[in-house]
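What follows is one structure encoded as structure tokens, with my remarks underneath.
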Amino acid sequence: MPHRHATRLLEAAAQIILGKEHELRLALACMVARGHLLIEDVPGVGKTTLAHVLARLIGLRFQRIQFTSDLLPADIVGVSIFERESGAFRFHPGPVFAQLILADEINRATPKTQSALLEAMEEHQVTADGQTLALPEPFFVVATQNPASQIGTFPLPESQLDRFLMRIRLGYPDRAAERALLLGEDRRGLLERREAVIAPEQLLELQHAARALTVTDRLVDYLHALVDSTRHDPELLGGLSPRAGLALLSAARAWALLEGRDHVLPEDVQAVFPHVAGHRLHLATDGRPVPPATLRRLVEAVRLV
Amino acid sequence: MPPNVEVSRRTAFCLLAAASVTVLPHAGHLPPWLVALCVLLLGWRGAQLLDRVKGLPRWLVLGVALAAALAIKIDFGHFFGKDPGVALLAVLLCLKLLEGGSPRDARVAVLLSFFLQLGLFFYDQTMGVAALALAGTLLAVTALFGLHQPRAPLPGLLRGAATLVLQGLPFMLVLFVFFPRIEGPLWGLPADAHSAVSGLSDTMEPGSISELSLSDAIAFRAAFAGEPPPNALRYWRGPVLTEFDGRTWRAVRTTSTAAPAYQPGGPVYAYSLTLEAHNRRWLLALDYPDAGLDDLLYADDFQLLAARPVRARARFDLRSRPHTPVGMEESAAVLAAVRRLPAQGNPRARALAARLAADGADAGTIVSRAFDHFASGNYTYTLTPTLLGAHSVDEFLFDTLEGFCEHYASAFVFLMRAAGLPARVVTGYQGGQVNPIDDTVVVRQSDAHAWAEVWIDGQGWRRVDPTAAAAPQRIERGLGESIRAGDPRPLLMRPEFSWLREFRHRWEAVSNHWNLWVLGYNEDRQRDLLARLGLETDWRTLTLATGAAAGLLMLALLGWAFHQRRSADPLDQAWQAFCRRAARHGLPRHAWEGPLDFATRLADRFPAHAGELRRIASDYARMRYRAADGPAAVRELSQRIRRIDFT
């Protein structure tokens, strides 16, 4: 049962990040679906810790890139430097050559720098000095954005947002979790001492297993009806693209796998739908991202037998 | 929709709007206390939805309902008939909104408001009312939609409702055309069928017509086949008044026959006359009706009469020949009656009549002398003449010198009779305005008029209009041109309201079409139309056919629904049976809810059976969404579903 790895991983992660089981599960589902994750929230709720935990517990090589307005594409991809000894240029790989990358405050960098990372995310390879270099497998990007501060930022355009499979919010911990957080040990210290609970190969196994899950015609019909309903909704500006529909299906597969099933149910689609569709849909009135209530309504408007 | 769940606020507002649009147009015919109560209740519900006030307790709602029913009983004296019925329904609808927000209450409120929207047509069938009823229906259907899609945005709900209403349009048209028209008021109940309507009466005294003249209300419309006759020929005949008691003129009994007592001659004008209800038999036909008009009666004073009083707007296809000589052979009894004067009174007028008839003048001379007397320029035409006393004719002729058409007609006929000539007063309408939009002649109450008829041997009855002598422009151009400045005028005749006139012309042209094609679609027209479609039939056959068609349609729909259910997948059927059973035990599945989520809710509600409920749901989910199991597995599942005991 491949999902045993997932269970172990989630249990271990829940000991470090308190009271966020659902968000952790979503983040893992995103990885199992081979997608990248966008976390949107105010500072200090554990966005960075989440990325750290995932990297640590899976044993992935981790790199953190703090995006600033003066960050250049070469700061991400790497740079070729002339070496006197060898008398030749040698490529010094940038931080992107890791297995899990935390792109902190991605909207602070210029669009040019953003697109360097986004290209890497899409192609799983980078081009430097005319050379194409493959990135390691598995390769994940967890990007964070602070929705509250907009001054001096370059919000990601819609086409770039589409590169992220899911967008989640962490939110404040509940009372019990926060109490435990305040009383307990420092999270970083706790994390330093943790060993990986699964190997990167086992994550790849999970990914393969998710892709092998049964998806019936009935489920595809349902998923299509849901995607299609977003295209005719007067409240929305445009609907979900076919690529978004594929994203929804692979996220639903990953979710079903984490639920321990070998087939996908409408419930799986419904569980990931707000996180897959939320950053891809905008209100017709003012172009703002759709609120959760609208996403809920979209789900409730599609009948199931 | 789960019971004991409040409907969404949006739906509640839709319902409130539907109820308001439905109840408030009824205000005109409900007692004022009831209107006030309804407004209070609706306002309270609105405030409650805005969280300004608390909902009313159930016992209070019930108490108000009982008190209102009692008050309606006291006010109307009974519960029968449409007025108390509508009053009761209006209160019940308002109270239903306050009673609670459960979907069941909402559905009852929607049905009540549908019924009240229908009730609007008991009182008025104009386009405005139809529009109001339609708006109410649309809002009620929107609320119904909102019940099923609690989170849908309002524009989506409205569009859905509008689509549904539009889908009903073909059915409406078919029923409109084919539903049997039954003669007589379908809902007319004895107590309230024929109330007073303004218009001419069969008596006239000073002031009775000038009072009518301030009203812009339409008396009738006439659409001529060709050019309408000139204003001076447009005398629409109403009651003919013979008896005079010194102050009041009255009609006498006449006989009426199926053919006119005269030989129609001269140019003919064909027109269709759309008469507003006036509860009288006279049709106000243009002088003088042609022979051969079916189903109508010709009175011996040249009125055209309907078989029954006109109690609903009605259309008549008529022909008239204004130049027909009439009354060539008048009976001695009639001639005696139109010579009679009271023995006493109005001495100065009698003296004037003697002067007119001096020197052995013949009838024609007497008439033209009297006409000249009025044309002398001493008389003023006004809507507000000085009130007259006992010798009304004397006072008008020699003292006040001002009057409206009834003064002139009355004085003229008095002079003629005093001079020995047979004469009588004719009331009716004169002129009418041509609506430039659709070229119909619109005749209003303000066109009410009185004129005189003199019988001259060898010439028969001759129309003499003394008003034309004193104020020729009244006859040539109408009332608005002829009354003196400063007099009150009907609103539409004031020069500063020309834009209003224009608007009114347009509105009346449109509502004339509405009257002709929608309201005027009666038994006869239905028969004509069906005959043109090749369906010779009467209303009984039509009732049967409509009923049979409706029945067949229902059967077809039922069959279709049954077939849909039969042809459904057995696994779906088993699951639907499971959901239905759960719904009967108070926990329906949401339409969008997946099997496992539903099972979780069921397990919370029925913890004793949590295990089996979850197993059924997950077995169904596995069979549905992983691989098709054989029919045996499906049968086994449906047996387990049948066996499950929710209690």
Side-chain angles (χ1 to χ4, degrees), chain A residues 212-223 225-237 239 249 252-253 255-274 281 283-286 290-305, chain B residues 1-2 5 8-11 145-163 564-565 567-580 588-601 614 617-629:
Chain A
L213 248 52
T214 304
V215 172
T216 56
D217 289 353
R218 192 63 83 95
L219 186 98
V220 172
D221 288 346
Y222 170 71
L223 188 139
L226 183 57
V227 168
D228 196 52
S229 76
T230 65
R231 297 172 185 162
H232 310 290
D233 197 285
E235 206 187 324
L236 299 180
L237 185 72
L249 183 58
R253 283 176 194 272
W255 188 264
L257 183 77
L258 298 190
E259 291 285 321
R261 262 183 277 105
D262 59 355
H263 53 281
V264 185
L265 291 185
E267 280 94 331
D268 302 319
V269 178
Q270 293 173 357
V272 295
F273 178 77
L281 292 174
L283 290 178
T285 45
D286 49 9
V290 284
T294 305
L295 293 165
R296 185 91 201 120
R297 172 178 69 73
L298 286 166
V299 168
E300 291 182 3
V302 179
R303 296 178 64 87
L304 267 171
V305 172
Chain B
M1 182 61 53
V5 169
S8 76
R9 180 178 293 225
R10 194 176 289 134
T11 307
F145 253 73
L147 277 180
H148 292 274
Q149 296 178 7
R151 282 168 206 265
L154 192 58
L157 290 179
L158 265 172
R159 197 165 11 186
T163 314
Q564 285 291 98
R565 215 173 128 183
S567 63
D569 182 281
L571 182 57
D572 284 342
Q573 277 186 34
W575 177 244
Q576 279 162 355
F578 179 69
C579 297
R580 272 199 303 278
R589 185 177 69 88
H590 299 302
W592 48 268
E593 201 173 23
L596 298 191
D597 286 349
F598 182 42
T600 306
R601 282 203 304 136
R614 282 183 193 278
S618 72
D619 284 352
Y620 161 73
R622 189 174 37 73
M623 288 157 87
R624 177 85 282 160
Y625 291 102
R626 190 178 71 179
D629 287 23

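Chain A is the first sequence line, chain B the second, and so forth, proteins listed ahead of strands; every chain is numbered from 1.
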## Note on the structure
salt bridge (charged side-chain N to carboxylate O under 4.0 Å, His left out) filter on A:Glu235, not counting sequence neighbours, yields A:Arg297

### Query
Side-chain contact, heavy-atom cut-off 4.5 Å: A:Arg218 with B:Leu571?
no

## Note on the structure
Rounded to the nearest 0.5 angstrom, the CZ-CG distance for B:Arg626 and A:Leu213 is 10.5 Å

### A:Arg231, CZ: over 12 other non-hydrogen atoms inside 6.0 angstrom
yes

#### Entry: Under 4.5 Å from any heavy atom of chain A - which part of B:Arg624
both

### Task
Please flag which part of B:Pro153 lies under 4.5 Å from any non-hydrogen atom of chain A: side chain, backbone, both or neither.
both

### Message
Can you tell me if A:Asp286 has over 12 outside heavy atoms packed within less than 6.0 Å of its CG?
### Response
yes

### Query
Hey, are the side chains of A:Glu267 and B:Tyr625 touching, using non-hydrogen atoms and a 4.5 Å cut-off?
no

### Summary
In terms of heavy-atom contacts, B:Ala621 and A:Leu265 come closest through CB-CD2, 3.7 Å

#### Entry: Distance (rounded to the nearest 0.5 Å) between B:Trp575 CH2 and A:Leu304 CG
10.0 Å

### Task
Measure the CD-CD distance between B:Glu593 and A:Gln270 for me, rounded to the nearest 0.5 Å.
8.5 Å

### Message
Only pairs of heavy atoms separated by less than 4.5 Å count here; which of A:Val264, A:Asp262, A:Val299 has the most with chain B?
### Response
A:Asp262

### Task
Check whether any side-chain heavy atom of B:Leu596 lies under 4.5 Å from a side-chain heavy atom of A:Glu259, and answer yes or no.
no

